[in-house]
Peer 1: 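Please find one structure pasted underneath; my questions will follow.
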Amino acid sequence: MKKKANNQSAQDFLNMEDITGNLIYTTDKHLIGFLSLAGSDNSLLQESEHERLTAQMSAALADETEPWQIISIPRTVDTQRVLENLNAMRQQCENNARLQLLDGEIHSLQELSDDREPMIVLKCWVKAAPGADKELLHRLSLLSSRLSDSQISARILEDQQLKYLCKIYSDLGVSHDMEEPEEDITILEGRKRRWREQRALAEQQRAALLDELAPVGGFFFEPNRIRIGSAVLRCYAVTRYPSQVSYGWASALTTATDAVTCI
């Protein structure tokens with residue numbers, strides 16, 4: 001019997017079974033892995049060099065016959081670790097000129113504490129089957145190697161980074177960092193379950209994972225918008241665009257700090 005919407009919790013909308021071995025396992029029997037992408041500074045490159053690198057990157061992805069997506073998700077600029085290092089350097093510094101430089105750097109970073117930047121990831125997935133985890137991780141490793149030839153840094157997200165990715169995706173209106181959540185943060189309770197003895201541990205672990213990832217405030221579906229946690233969202237699909245487009249035509253979308261972009 002179909003469950004009534006008002007009896008559903010935030011966890012019911014999360015298609016999440018487990019995060020382990022640098023992969024996400026979903027309840028619909030898929031495995032998902034992510035590469036974190038970061039490009040080098042290309043602001044000084046000539047147009048011909050832009051085109052060459054673009055062709056190399058297109059060739060790297062063209063060899064990939066399985067489905068993939070590039071996703072851009074806004075996240076809070078992580079300045080905490082840099083600030084800690086600068087403050088440590090400042091305490092040991094005795095040169096006045098260098099102190100002034102360090103103070104300027106610290107002040108500039110403090111002003112960036114609430115700013116956002118795009119987190120670019122490449123998503124790959126495969127249906128669950130014996131050996132599918134090794135197959136997917138090998139595929140991600142090959143993609144990482146190909147993209148590095150195009151001056152794109154691509155590294156496989158590990159378990160804690162995957163949780164961080166899921167959390168910023170489900171709570172777009174909240175500032176995040178890579179630290180563990182505090183114990184006193186209010187999170188929606190998981191739905192109550194009756195566990196069989198042999199499945200109790202696995203189900204409890206999944207309930208704890210959903211508690212950690214579910215957005216504070218839950219999901220609300222309205223006629224022309226969605227509320228997830230503290231964020232109000234609308235979804236748009238780009239279905240038609242010119243056959244001839246200029247270099248970097250999608251950068252305004254993928255670098256937006258108030259939108260999630262999926263290609």
Peer 1: Please enumerate all residues that pass ring-ring contact (aromatic ring centres under 6.0 Å, His included) together with Trp68, with sequence neighbours excluded.
Peer 2: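 Scan of Trp68 (ring-ring contact (aromatic ring centres under 6.0 Å, His included), adjacent residues dropped) gives none.
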Peer 1: Could you list all the salt bridge (charged side-chain N to carboxylate O under 4.0 Å, His left out) pairs where at least one residue sits in residues 227-255, not counting sequence neighbours?
Peer 2: Glu222-Arg227
Peer 1: Could you tell me whether a side-chain N or O of Ser145 sits under 3.5 Å from a main-chain N or O of Leu142, the two making a donor and an acceptor?
Peer 2: no
Peer 1: Name all pairs fulfilling the salt bridge (charged side-chain N to carboxylate O under 4.0 Å, His left out) condition that reach into residues 120-139, sequence neighbours left out, sorted by first residue then second.
Peer 2: Glu64-Arg139
Peer 1: Would you please name every residue forming a side-chain hydrogen bond (donor to acceptor under 3.5 Å, both in side chains) with Asn96, sequence neighbours left out?
Peer 2: none
Peer 1: Do you reckon Ile32 sits in the same ILVMFWY cluster as Leu143, going by side-chain contacts under 4.5 Å, direct or chained?
Peer 2: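 Not linked; separate clusters.
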Peer 1: Holding to side-chain hydrogen bond (donor to acceptor under 3.5 Å, both in side chains), I want the full list of residues that pass it with Thr257, two or more places apart in sequence or in another chain.
Peer 2: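 With sequence neighbours excluded, Thr257 shows a side-chain hydrogen bond (donor to acceptor under 3.5 Å, both in side chains) to no residue whatsoever.
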Peer 1: Is Phe34 close to Ile24 at the side-chain level, that is, under 4.5 Å between some pair of heavy atoms?
Peer 2: yes
Peer 1: Would a hydrophobic clustering, with Ile, Leu, Val, Met, Phe, Trp and Tyr connected at side-chain separations under 4.5 Å, put Leu213 with Phe220?
Peer 2: no
Peer 1: With hydrophobic residues grouped by side-chain heavy-atom distances under 4.5 Å, do Trp125 and Leu37 end up in a single group?
Peer 2: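 No; Leu37 is not reachable from Trp125 via cluster members.
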Peer 1: Could you pull out the closest heavy-atom pair between Val121 and Ser36, with the gap in Å?
Peer 2: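 Between these two residues, the closest heavy atoms are CG1-CA, 4.3 Å.
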Peer 1: Counting only N and O atoms by type, is there a donor-acceptor contact under 3.5 Å from the side chain of Ser141 to the main-chain atoms of Leu137?
Peer 2: no
Peer 1: Side chain of Gln161, backbone of Glu158: donor and acceptor closer than 3.5 Å?
Peer 2: yes
Peer 1: When rounded to the nearest 0.5 angstrom, what distance separates NZ in Lys167 from CG in Leu162?
Peer 2: 15.0 Å
Peer 1: So, Thr261 side chain and Leu253 main chain: donor-acceptor pair closer than 3.5 Å or not?
Peer 2: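 Such a contact is found between Thr261 side chain and Leu253 backbone.
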Peer 1: Checking the side chain of Thr254 only, and the main-chain atoms of Ala250 only, is there a donor and an acceptor separated by less than 3.5 Å?
Peer 2: yes
Peer 1: Is the shortest side-chain heavy-atom distance between Arg98 and Met89 below 4.5 Å?
Peer 2: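 Yes, at least one pair of side-chain atoms sits under 4.5 Å.
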Peer 1: Just to verify, what does Ala128 make a side chain to side chain contact (heavy atoms under 4.5 Å, CB included) with, not counting sequence neighbours?
Peer 2: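 Result, side chain to side chain contact (heavy atoms under 4.5 Å, CB included) vs Ala128: Lys29, Leu31.
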Peer 1: Taking C-beta and beyond as the side chain, do Ile156 and Leu35 meet within less than 4.5 Å on heavy atoms?
Peer 2: yes
Peer 1: Would you check if Leu23 and Leu136 make a side-chain contact, meaning some heavy-atom pair closer than 4.5 Å?
Peer 2: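 Side chain of Leu23 against side chain of Leu136, heavy atoms only: contact under 4.5 Å found.
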Peer 1: So do the side chains of Leu122 and Cys124 get within less than 4.5 Å of each other, counting heavy atoms only?
Peer 2: yes
Peer 1: Which residues pass the side chain to side chain contact (heavy atoms under 4.5 Å, CB included) test with Val245, not counting sequence neighbours?
Peer 2: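 For Val245, the residues satisfying side chain to side chain contact (heavy atoms under 4.5 Å, CB included) (neighbours in sequence not counted) are Pro242, Trp249.
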Peer 1: Can you tell me how far CD of Gln92 sits from CG of Leu102, rounded to the nearest 0.5 angstrom?
Peer 2: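 Answer rounded to 0.5 Å: 11.0 Å.
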Peer 1: Is Leu165 reachable from Val260 through a run of hydrophobic residues whose side-chain heavy atoms are each under 4.5 Å from the next?
Peer 2: yes
Peer 1: Between Cys235 and Ile226, what is the shortest heavy-atom contact and its length?
Peer 2: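 Smallest interatomic distance, heavy atoms only, reads SG-CD1, 4.2 Å.
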Peer 1: Check the pair Asp18, Gln205 against side-chain contact (heavy atoms from CB on, under 4.5 Å), reporting the backbone distance first and the verdict last.
Peer 2: CA-CA 8 Å; Asp18 197 7; Gln205 289 174 339; 5.7 Å; no
Peer 1: Check Ala256 against Pro74 and note the closest heavy-atom contact, atom names and distance.
Peer 2: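 Closest approach of Ala256 to Pro74: O-CB, 4.4 Å.
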Peer 1: Do Val126 and His30 have side-chain heavy atoms sitting under 4.5 Å apart?
Peer 2: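 Val126 does not reach His30 side chain to side chain.
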Peer 1: What residues, two or more places apart in sequence or in another chain, satisfy side-chain hydrogen bond (donor to acceptor under 3.5 Å, both in side chains) together with Thr20?
Peer 2: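 Listed in chain order: nothing, the list is empty.
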Peer 1: Under 3.5 Å, side-chain donor or acceptor atoms of residues 51-61 against the rest of the protein: list the pairs with distances, not counting sequence neighbours.
Peer 2:
unit_1 : atom_1 : unit_2 : atom_2 : d
Thr54  : OG1    : His50  : O      : 2.8
Ser58  : OG     : Thr54  : O      : 2.9

Peer 1: Do Ile263 and Gln69 have side-chain heavy atoms sitting under 4.5 Å apart?
Peer 2: no
Peer 1: Do side-chain atoms of Asn15 reach the backbone of Thr26 as a donor and acceptor pair under 3.5 angstrom?
Peer 2: no
Peer 1: If every non-hydrogen atom of Ile71 is compared with every non-hydrogen atom of Cys262, which pair is closest and at what distance?
Peer 2: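 What the structure gives for the nearest pair is CG1-SG, 4.1 Å.
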Peer 1: Determine, using the 4.5 Å side-chain heavy-atom cutoff (strictly less than), whether Tyr164 and Ile120 are members of one ILVMFWY cluster.
Peer 2: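 No.
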Peer 1: What residues, two or more places apart in sequence or in another chain, satisfy side chain to side chain contact (heavy atoms under 4.5 Å, CB included) together with Asp63?
Peer 2: Arg146
Peer 1: First locate atom SG of Cys93, then atom CD of Gln100, and finally report the distance between them rounded to the nearest 0.5 Å.
Peer 2: 10.5 Å
Peer 1: I'd like to check the ring-ring contact (aromatic ring centres under 6.0 Å, His included) partners of Phe221; sequence neighbours left out, ordered by chain and number.
Peer 2: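 Phe221: ring-ring contact (aromatic ring centres under 6.0 Å, His included) contacts with Phe13.
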Peer 1: Would the distance check show the side chain of Lys163 and the main-chain N or O of Ile19 forming a donor-acceptor pair, the cut-off being under 3.5 Å?
Peer 2: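 Pair absent, no side-chain N/O of Lys163 close to backbone of Ile19.
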Peer 1: Test of understanding: with side-chain hydrogen bond (donor to acceptor under 3.5 Å, both in side chains), list the residues that count as partners of Asp103, not counting sequence neighbours.
Peer 2: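 With sequence neighbours excluded, Asp103 shows a side-chain hydrogen bond (donor to acceptor under 3.5 Å, both in side chains) to Arg90, given in chain and number order.
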